[in-house]
Amino acid sequence: MKLNLLTKFFVLLATASVALSSCTEEIDQRNRYTFTGETIADYLQNREDIFSSFTYILKRGRVGKNSTGNILSLLSTYGSYTCFAPTNEAIERFLFEQDSIYWENVRALEAGEISKKEFFDTGIHSPRLEDLSDSMASEIAKNHLISKGFLTIDLNEGAFPQSNFNDRFMTINWQVDEVGKVYPVINNNSKIIISDTEVENGVVQTIDRALNPSTELLPDLLKSQPEFSLYSEALALTGLEDSLRRHFDPTYDLGGKKEKALFSDNMVPYPDTKYYKNTLLVLPNKMLEEKYDIKSIEDLIELANKWYGKDFYDVVEENDYTSRNNPLNRFISYHIIDRQLQYASGSGTGGFVMENYKCNFSGFDSEVNLPNVHDRYDYFETMMPYTTLKVTKPFTNPELTGEIVLNYAQDKGKRFHNPDMRQHMNAIVYPASRVISELGITDFDQNALNGIIHIIDRPIIYNKVEMQGNILNERMRWDYLSFWPELTNNNVRWRQKDGDNQQVMIPDNYCERLKFYTPDGKIAMYPPTGNGPGTYQGDELELIGNYDFAHRLPYVPEGTYELRFGYQMWSNRGIGQFYVDGKVTGLPIDMRNDSYTSITRVAWLADTGDAEADYENDKAMRNRGFMKAPASIVRLPGQTIRDWELTVRAILATVHLSEGTDHWVRLKNVSTPYDNVGLMLDYFEIVPKGVITDPSKPEDKY
């Protein structure tokens with residue numbers, strides 16, 4: 001028996017069957033109230049018959065260890081919060097379930113049925129509300145709060161754009177009950193029974209089950225769900241499950257520290273935490289059997305041997321599953337991404353791909369101002385050494401519009417040398433609603449303490465020939481903040497708060513792929529809400545002071561590439577020298593904004609609409625080592641950053657990037673004087689030489 005599934009046994013109320021709602025169904029508006037004149041604390045306290053248990057927990061809870069006030073007091077103050085408020089019945093059921101699980105684990109441990117390592121302590125050892133510890137009261141309270149008000153009617157399926165007070169992300173989807181009513185459901189488990197109650201300091205969402213994000217680590221959460229036993233067995237056999245047990249760096253101690261910002265008196269914080277997280281991509285046993293006739297671990301090993309054996313690799317260790325040269329090890333590790341990626345749809349700020357960003361200064365809203373005519377994409381490294389996974393949200397392919405697609409293939413795979421690879425391209429990530437409606441998995445728990453599990457519709461394969469010649473044979477563009485998984489895992493990259501344009505400092509030794517060579521240089525991240533529009537994905541990095549940094553390039557197939565980076569010229573920026581693998585790339589890049597640097601030096605001229613004249617201007621810019629910014633990035637309605645003379649791309653070098661090697665780009669301040677100037681980094685491009693020189697398909701302006 002899987003002890004961490006015992007919750008199912010102790011459920012007090014039968015779970016209604018659910019199905020995905022059609023586009024014509026609407027949420028029952030009779031369950032939506034709007035109130036004014038009350039804070040969240042007032043609203044809960046004025047309805048003791050519904051919320052007295054949750055109010056008691058909020059009174060006991062503290063936001064931090066050193067907090068003097070309770071959480072209920074916080075919810076009576078000015079601010080903006082979302083409170084998921086469980087009813088008294090929901091709290092009673094939760095305490096009973098968690099207490100029952102704990103004592104069943106105690107019994108099993110004493111009987112020798114489980115080991116101490118497998119023992120699961122829920123932290124709740126009594127069904128009585130009064131017996132809760134202060135720490136558990138704090139834990140429960142913080143699971144139900146987000147520091148921003150969200151209405152369900154403004155959210156699409158997927159993750160909330162902001163984590164809760166425990167740094168855990170919540171998900172939302174819509175389900176249909178047994179009488180046909182559509183309800184929003186949080187974390188695939190808790191139904192919102194009264195939605196979108198607006199109060200003075202936020203929104204209250206009344207739920208029928210207490211929120212209880214899993215405290216298990218990724219491999220344990222996967223193991224607890226029998227539907228995924230083949231992937232779980234493969235994780236254990238390869239030893240990769242040990243790599244998925246990292247969660248948090250206890251030595252990191254800069255949380256709460258602030259430094260003075262450049263060009264202002266603002267105090268800029270360092271990240272509060274340093275978490276390690278991963279995304280695990282899996283197929284349920286039923287899908288493996290029906291689509292690929294894989295019924296056992298031996299069958300999975302056979303599939304791995306087909307793609308990662310001696311036909312494709314010089315070094316293969318078939319008998320040692322823990323070796324990185326073992327086919328099964330390679331297969332499973334390519335299904336593990338180096339950061340936690342939420343499923344976001346439209347209203348999310350980011351997830352697998354950037355969905356939406358807004359700018360307080362200008363009123364820019366990418367949902368309104370950024371048309372869905374260009375594919376949105378990102379690239380992430382996997383646990384398989386020296387490999388990259390491409391993630392795309394296509395808008396140019398009607399068959400896949402709106403889907404999250406892994407290793408999206410050009411021309412539907414027509415360029416593949418091996419036709420069997422077509423079974424492993426264009427893999428779709430299932431949102432929670434489809435997991436329920438199409439796969440019939442109604443109790444899917446995907447959110448682990450240190451990452452997330454996503455179901456995909458086919459196994460993904462890293463084949464060198466096909467990745468080099470098809471999937472990654474394109475202009476690859478990275479948002480600079482996507483280089484480092486630590487920024488995603490600690491809510492830095494997607495940092496976005498109403499009325500908050502505050503930067504975040506990136507400290508030394510925080511990112512494994514970032515080196516600091518001088519103690520008096522700083523790196524600050526500017527979030528989307530803080531920037532004027534005109535940057536890729538709304539954010540940017542600013543190198544400050546006597547900077548001297550290096551960052552590792554993402555892994556790409558071996559070949560010759562042109563390296564570029566995008567930036568804006570501005571009056572408070574200086575001059576930086578770039579190096580690739582220790583070799584200088586050419587003249588320093590001057591980012592100062594004056595009549596010489598902004599136009600004359602880079603030969604920038606506005607597009608005229610005359611294709612031949614515009615081509616000649618682009619050519620003249622390339623001869624000087626520059627390009628206009630992409631026309632796919634909108635600055636303002638009707639204007640892209642290609643139309644703005646202050647945004648350009650600098651061509652750093654054409655280099656050969658070898659496989660199995662780390663390649664580094666170094667950036668050094670050469671301004672005189674060096675203080676009070678910065679260097680702006682927006683995005684980075686790695687472009688195969690063949691893409692640039694192919695006369696039959698010249699590189700487009702996007």
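Index from 1, following the sequence.
When only modelled atom types and interatomic distance are considered, Gln162 and Ser147 share a side-chain donor-acceptor pair under 3.5 Å. No hydrogens or angles considered: a donor-acceptor pair under 3.5 Å links the side chains of Ser126 and Asp131. Tyr183 and Gln175 form no side-chain donor-acceptor contact under 3.5 Å, judged by distance and modelled atom types alone. Checked by atom type, the side-chain pair Ser229/Asn285 shows a donor-acceptor distance below 3.5 Å. Between Asp42 and Thr39, the side chains place a donor N or O and an acceptor N or O closer than 3.5 Å (distance only, hydrogens not considered). With 3.5 Å as the limit, one finds no donor-acceptor pair spanning the side chains of Glu200 and Tyr78.
For the pair Lys191 and Asp208, the tightest heavy-atom approach, listed with the atom from each and the gap, is N-OD1, 2.8 Å. Considering every non-hydrogen atom in both Phe169 and Phe160, the closest pair reads CD2-O, 3.4 Å. Nearest heavy atoms, Arg60 versus Ala137: CB-CB, 3.6 Å. Heavy-atom minimum distance, Asn143 versus Met170: O-CE, 2.7 Å. In this structure, Phe54 and Ile91 approach most closely via the heavy-atom pair N-CG1, 4.3 Å. Taking all atoms of both residues into account, the shortest heavy-atom contact from Gln340 to Ile452 is CG-CG2, 3.8 Å.
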Let's go through Glu259 and Lys522 carefully: what are the C-alpha distance in whole Å and the side-chain angles of both, what is the deciding distance for salt bridge (Lys or Arg N to Asp or Glu O under 4.0 Å) to 0.1 Å, and is it a yes or a no? CA-CA 10 Å; Glu259 287 200 32; Lys522 299 181 179 67; 3.5 Å; yes
Output, in order, the C-alpha distance, side-chain angles, deciding distance and verdict of side-chain hydrogen bond (donor to acceptor under 3.5 Å, both in side chains) for Thr171 and Asn447. CA-CA 9 Å; Thr171 61; Asn447 290 291; 4.5 Å; no
With side-chain hydrogen bond (donor to acceptor under 3.5 Å, both in side chains) as the test, would you mind laying out the steps for Asp445 and Ser214 before giving the verdict? CA-CA 8 Å; Asp445 191 354; Ser214 175; 4.5 Å; no
Set out, in order, the CA-CA distance, both residues' side-chain angles and the distance that settles salt bridge (Lys or Arg N to Asp or Glu O under 4.0 Å) for Arg513 and Glu381, then state yes or no. CA-CA 12 Å; Arg513 304 166 193 169; Glu381 294 180 14; 3.4 Å; yes
List the steps and the verdict of side-chain hydrogen bond (donor to acceptor under 3.5 Å, both in side chains) for Asn70 and Ser73. CA-CA 5 Å; Asn70 61 47; Ser73 298; 2.9 Å; yes
Quick one, Ile453 with Gln225, criterion side-chain contact (heavy atoms from CB on, under 4.5 Å). Give me CA distance, side-chain angles, the key distance, then yes/no. CA-CA 11 Å; Ile453 301 168; Gln225 302 178 77; 4.3 Å; yes
How far apart are the C-alpha atoms of Ile40 and Tyr81, what are their side-chain angles, what is the distance that settles it, and do they pass the side-chain contact (heavy atoms from CB on, under 4.5 Å) test? CA-CA 8 Å; Ile40 293 175; Tyr81 306 96; 3.8 Å; yes
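Remark: the backbone N or O of Asn212 is not paired with any side-chain donor or acceptor of Asn187 at under 3.5 angstrom. Of the possible polar contacts, none joining the Asn166 side chain to the Arg168 backbone as a donor-acceptor pair under 3.5 Å is found. A donor-acceptor pair under 3.5 Å links the side-chain atoms of His144 to the main chain of Leu211, judged by distance alone. A donor-acceptor pair under 3.5 Å is absent between the side-chain atoms of Glu157 and the main chain of Ile172, judged by distance alone. Ser195 contributes no side-chain N or O that, together with a main-chain N or O of Ile192, makes up a donor-acceptor pair within less than 3.5 Å. When atom types are taken as modelled, the side chain of Thr238 and the backbone of Asn329 share no donor-acceptor pair closer than 3.5 angstrom.
Of the charged side-chain nitrogens involved, none lies within less than 4.0 Å of a carboxylate oxygen, so that Arg128 and Asp99 do not count as a salt-bridged pair. Between Glu97 and Arg209, at least one side-chain N (NZ, or NE/NH1/NH2) sits under 4.0 Å from a carboxylate O, which counts as a salt bridge. A salt bridge does not link Arg246 with Asp338: none of the charged nitrogens is closer than 4.0 Å to a carboxylate oxygen. Between Glu110 and Arg107, none of the side-chain N atoms (NZ, or NE/NH1/NH2) sits under 4.0 Å from a carboxylate O, so this pair counts as no salt bridge. Electrostatic pairing of Lys274 and Glu486 does not count as a salt bridge here, judged by no charged N lying under 4.0 Å from a carboxylate O.
Going from atom CZ of Phe120 over to atom CD of Glu216 covers 5.5 Å, rounded to the nearest 0.5 Å. Atom OG1 of Thr206 sits about 6.0 Å away from atom CD1 of Ile193, to the nearest 0.5 Å. Atom CG of Leu283 and atom NZ of Lys286 lie 13.5 Å apart (nearest 0.5 Å). Within the model, atoms OG of Ser76 and CD of Glu38 stand 13.0 Å from one another, a figure rounded to the nearest 0.5 Å. With rounding to the nearest 0.5 Å, the separation of CG in Leu406 from OG1 in Thr382 is 11.5 Å. Atom CD of Gln446 sits about 12.0 Å away from atom CG of Leu222, to the nearest 0.5 Å.
Ring orientation note: the planes of Tyr43 and Phe51 are tilted relative to one another, at an angle of 30° to 60°. In this pair, Tyr231 and His335 present their aromatic rings perpendicular. The plane angle is above 60°, beyond the 30 to 60° band. Taking the six-membered ring for Trp and thresholds of 30 and 60 degrees, His125 and Trp103 have ring planes more than 60 degrees apart, a perpendicular arrangement.
Geometrically, Lys59 does not engage Tyr56 in a cation-pi contact defined by less than 6.0 Å to the ring centre and at most 45° from the axis.
For the side chain to side chain donor-acceptor pair (under 3.5 Å) with Gln205, the lone residue among Thr197, Asp196, Thr82 that qualifies is Asp196. Among Asn173, Asp443, Thr442, the one residue that satisfies the side chain to side chain donor-acceptor pair (under 3.5 Å) test with Asn188 is Asn173. Screening Asp249, Asp167, Thr273 against Asn490 for a side chain to side chain donor-acceptor pair (under 3.5 Å) leaves a single residue, Thr273.
Centroid-to-centroid, the aromatic rings of Tyr252 and Tyr510 come within less than 6.0 Å. For His454 and Tyr430, the distance between ring centers is not under 6.0 angstrom.
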